[in-house]
There are 2 protein chains.
Amino acid sequence: MSAYGQFCPVAKAMELLDERWTMLVVRELLAGSSHFNDLRRGVPRMSPTLLSRRLRTLIRAGVVERQYDGNRTSYALTEAGQELGPIVNALGTWGMRWVPELGDEDLDPHLLMWDIRRSIDPDAASNGRTVLRFTFPMLRTNAKDWWVVVDPNGVGLCDFDPGFPVAVTVEADLRTLTKVWRGDLAWRAAVKSGGLTLHGPSALRRAVPEWLKLSGFADVPRPALAS
Amino acid sequence: MSAYGQFCPVAKAMELLDERWTMLVVRELLAGSSHFNDLRRGVPRMSPTLLSRRLRTLIRAGVVERQYDGNRTSYALTEAGQELGPIVNALGTWGMRWVPELGDEDLDPHLLMWDIRRSIDPDAASNGRTVLRFTFPMLRTNAKDWWVVVDPNGVGLCDFDPGFPVAVTVEADLRTLTKVWRGDLAWRAAVKSGGLTLHGPSALRRAVPEWLKLSGFADVPRPALAS
DNA sequence: CAGTATCCATTTCGATACTG
DNA sequence: CAGTATCGAAATGGATACTG
């Protein structure tokens, strides 16, 4: 029931790509996730059953390949999948420009931290391990506190205290940090508004914006607003 | 229930754009249709109720504008809608490259003739009105015979004999003409295979390929096939 | 870690007929 | 021409629990 009955190549593409969640799974693969549970973190509200089904559909369509390296399963984009990169990029750019408002429903600390984690350069921790703590005081859930462990070997994300000393704590309103990440709000303005506060030695505090890269779409030029 | 609960701009874009049929309506608007019943011809299997609903959604999203010119309603893309042009294009290109097979279900004489009609240059009829007849002998439906009336003022499409003298008749197998239109099969090869035959004075027969432009995606380079 | 199984509420869509 | 009304069938997906 998902076929359009059209020979038009746009229709043939959309038969696959307009299924709910599919583009977000592709986006997550493009962003570098390759294991099932990593993919899940990029689409936190998707049930594992559905993710599994979408992956199978993408494999059948020749967009994704399943690999068994050693004893882990992983997923990778085929050449066809890689060619969706510019499309996902264009969609994100379009979304930034024309769907700028976020509802409270769109804020998600799990996804935000997952994205932030991914964008941190491991080499930022020049001298050994560095831990950043993020806290969202307004949240009452178990998604309130996060620890990002930056290590030359990689960047880890915990929702529990891993026990290492914390260099800087970022205390933020969820919406504020989300807007900063998206490039909707300047870091400086966020701090000024009180929606974002750093705690820690001032030298380290000043270094935080160096580590914490923003979304790849943060620099998309917004359309001039008509009023 | 169609929201993703993500601040990611790709997700925000797809909340709108991954709804079934939506991209095809946009494609049709980009191709130049602006009236309800013209749009319908570009998405023949979509019910009018659903088209109406999608248009309303697109209007609410700021992608389409409804206009009342004189006594006709028409739809046009806004600036946001125009910016979907490159995306639709990229999707069609991707579809050509990676979804090359067409099922019998994908063949549709209504859509094919609608597309062919659109691509004919009215000025091709240099000396007054010219009528091309298309016939699909294998079809038993009322979609078997078509008349394309090329006139300096525009190109009309009829599924009944308008009564004007016919310059050339194109007799074709539906799949063959569809493949020619998509650029999957060369005109010459189609004729040779017997899937496409022209009837009429040879001077006019030779002119047909000049009038009958192919799909905008016909020239997309196909990926090298692995075997 | 990498998924499957189950199950039902909800949505969605297609077909058809009809209207100002 | 430009839609709306209605209605049932199908599918879709969310939640949750479970498994090798």
Side-chain angles (χ1 to χ4, degrees), chain A residues 1-6 11 14-25 28-29 33-60 64-76 105 108 110 141 156-157, chain B residues 1-6 11 14-25 28-29 33-60 64-76 105 108 110-111 114 141-142 156-158:
Chain A
M1 256 332 171
S2 78
Y4 285 117
Q6 291 201 1
M14 289 314 277
E15 280 180 12
L16 174 72
L17 301 174
D18 73 2
E19 271 200 309
R20 190 164 158 72
W21 291 108
T22 295
M23 275 298 197
L24 302 191
V25 173
E28 196 57 22
L29 286 160
S33 292
S34 58
H35 298 290
F36 192 83
N37 285 329
D38 285 350
L39 290 167
R40 285 195 67 183
R41 302 191 77 167
V43 283
R45 313 223 177 162
M46 189 179 191
S47 80
T49 309
L50 196 50
L51 173 56
S52 171
R53 187 154 15 133
R54 287 292 183 274
L55 285 169
R56 259 179 284 141
T57 302
L58 287 168
I59 289 165
R60 233 186 312 117
V64 167
E65 251 174 0
R66 185 182 181 153
Q67 297 159 341
Y68 310 82
D69 12 317
N71 48 3
R72 286 194 81 181
T73 307
S74 72
Y75 298 90
E105 300 295 314
D108 183 334
H110 296 86
T141 65
L157 175 65
Chain B
M1 258 336 173
S2 79
Y4 285 117
Q6 290 201 3
M14 289 313 277
E15 282 180 11
L16 175 72
L17 302 174
D18 72 3
E19 271 199 309
R20 189 165 158 73
W21 292 108
T22 295
M23 274 300 197
L24 303 190
V25 173
E28 196 56 23
L29 286 160
S33 292
S34 59
H35 299 289
F36 193 83
N37 285 329
D38 285 349
L39 290 166
R40 284 194 68 182
R41 301 191 78 168
V43 283
R45 314 226 176 159
M46 188 180 193
S47 81
T49 310
L50 195 50
L51 173 57
S52 171
R53 189 153 15 131
R54 287 291 183 275
L55 285 170
R56 260 179 283 141
T57 302
L58 287 168
I59 289 166
R60 234 187 310 117
V64 167
E65 251 174 0
R66 185 182 180 152
Q67 297 159 341
Y68 309 83
D69 13 317
N71 49 3
R72 287 194 81 182
T73 307
S74 73
Y75 299 90
E105 299 296 315
D108 183 335
H110 296 86
L111 180 60
W114 182 241
T141 65
N142 59 353
L157 175 65
C158 311

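Predicted model, so just to flag it, every value in this text is computed and none were measured.
Within the 4.0 Å cut-off from OP1 or OP2 of C:dC1, not a single side-chain nitrogen or oxygen of A:Arg41 is found. An OP1 or OP2 oxygen of D:dG3 is reached within less than 4.0 angstrom by a side-chain nitrogen or oxygen of B:Arg66. In this structure, A:His35 reaches the C:dA2 phosphate: one of its side-chain N or O atoms is under 4.0 Å from OP1 or OP2. For D:dG3, the OP1/OP2 oxygens have no side-chain nitrogen or oxygen of B:Ser52 closer than 4.0 Å. For B:Arg54, a side-chain nitrogen or oxygen approaches OP1 or OP2 of C:dC13 to under 4.0 Å. Under 4.0 angstrom from either OP1 or OP2 of D:dA5 there lies no side-chain N or O belonging to B:Arg53.
Computed from coordinates, the A:Asn37 CG to C:dT4 P distance equals 12 Å when rounded to whole Å. Rounded to whole angstrom, the span from the CD atom of B:Glu19 across to the P atom of D:dT12 amounts to 14 Å. Put simply, CD1 on A:Ile59 is 12 Å from C1' on C:dG3, counting in whole angstrom units. If you take CD of B:Glu105 and C1' of C:dG14, they are 15 Å apart, rounded to a whole angstrom. Taking atom CG of residue B:Asn71 and atom C1' of nucleotide C:dG20, one finds them 14 Å apart after rounding to whole Å. The CD atom of B:Glu15 sits 14 Å away from the P atom of D:dG13 (whole-angstrom rounding). Here the P atom of nucleotide C:dG14 and the CE atom of B:Met46 are 8 Å apart, to the nearest Å. Atom CG of A:Asp69 is separated from atom C1' of C:dA2 by 13 Å (rounded to the nearest Å).
The partner of C:dG20 is D:dC1, by the rule that a Watson-Crick or G-U pair needs both atom distances under 3.5 Å.
Residue B:Ser47 has its side chain nearest to C:dG14 when only D:dA2, C:dG14, C:dA2 are considered. Comparing atom distances between the B:Leu50 side chain and each of C:dG14, C:dA2, D:dT4 picks out C:dG14 as nearest. Taking the side chain of B:Tyr75 as heavy atoms from C-beta on, and the options D:dG14, D:dG3, D:dG13, the nearest nucleotide is D:dG3. Of the candidate nucleotides D:dG13, D:dT4, C:dG14, C:dG14 has the atom lying nearest to any side-chain atom of B:Trp21.
Atom CD of A:Gln67 sits in a crowded spot, with more than 12 heavy atoms from other residues, nucleotides or ligands closer than 6.0 Å.
Between the side chains of A:Asp38 and A:Tyr75, not a single donor N or O lies within less than 3.5 Å of an accepting N or O.
A donor-acceptor pair under 3.5 Å is absent between the side-chain atoms of B:His110 and the main chain of B:Arg41, judged by distance alone. A:His35 places no side-chain N or O within donor-acceptor distance of the main-chain N or O of A:Arg72, the cut-off being under 3.5 Å. A distance-only check finds a donor-acceptor pair linking the side chain of A:Gln6 to the backbone of B:Gly42 [under 3.5 Å].
Residue-level contact check: A:Thr49 touches the bases, meaning some heavy atom is under 4.0 Å from a base atom.
When each of A:Arg40 and B:Arg72 is assigned the nucleotide of DNA chain D with its nearest heavy atom, B:Arg72 is the one assigned upstream, toward the 5' end.
Note that CZ of A:Arg20 is 8.0 Å distant from CD of B:Glu15, once rounded to the nearest 0.5 Å.
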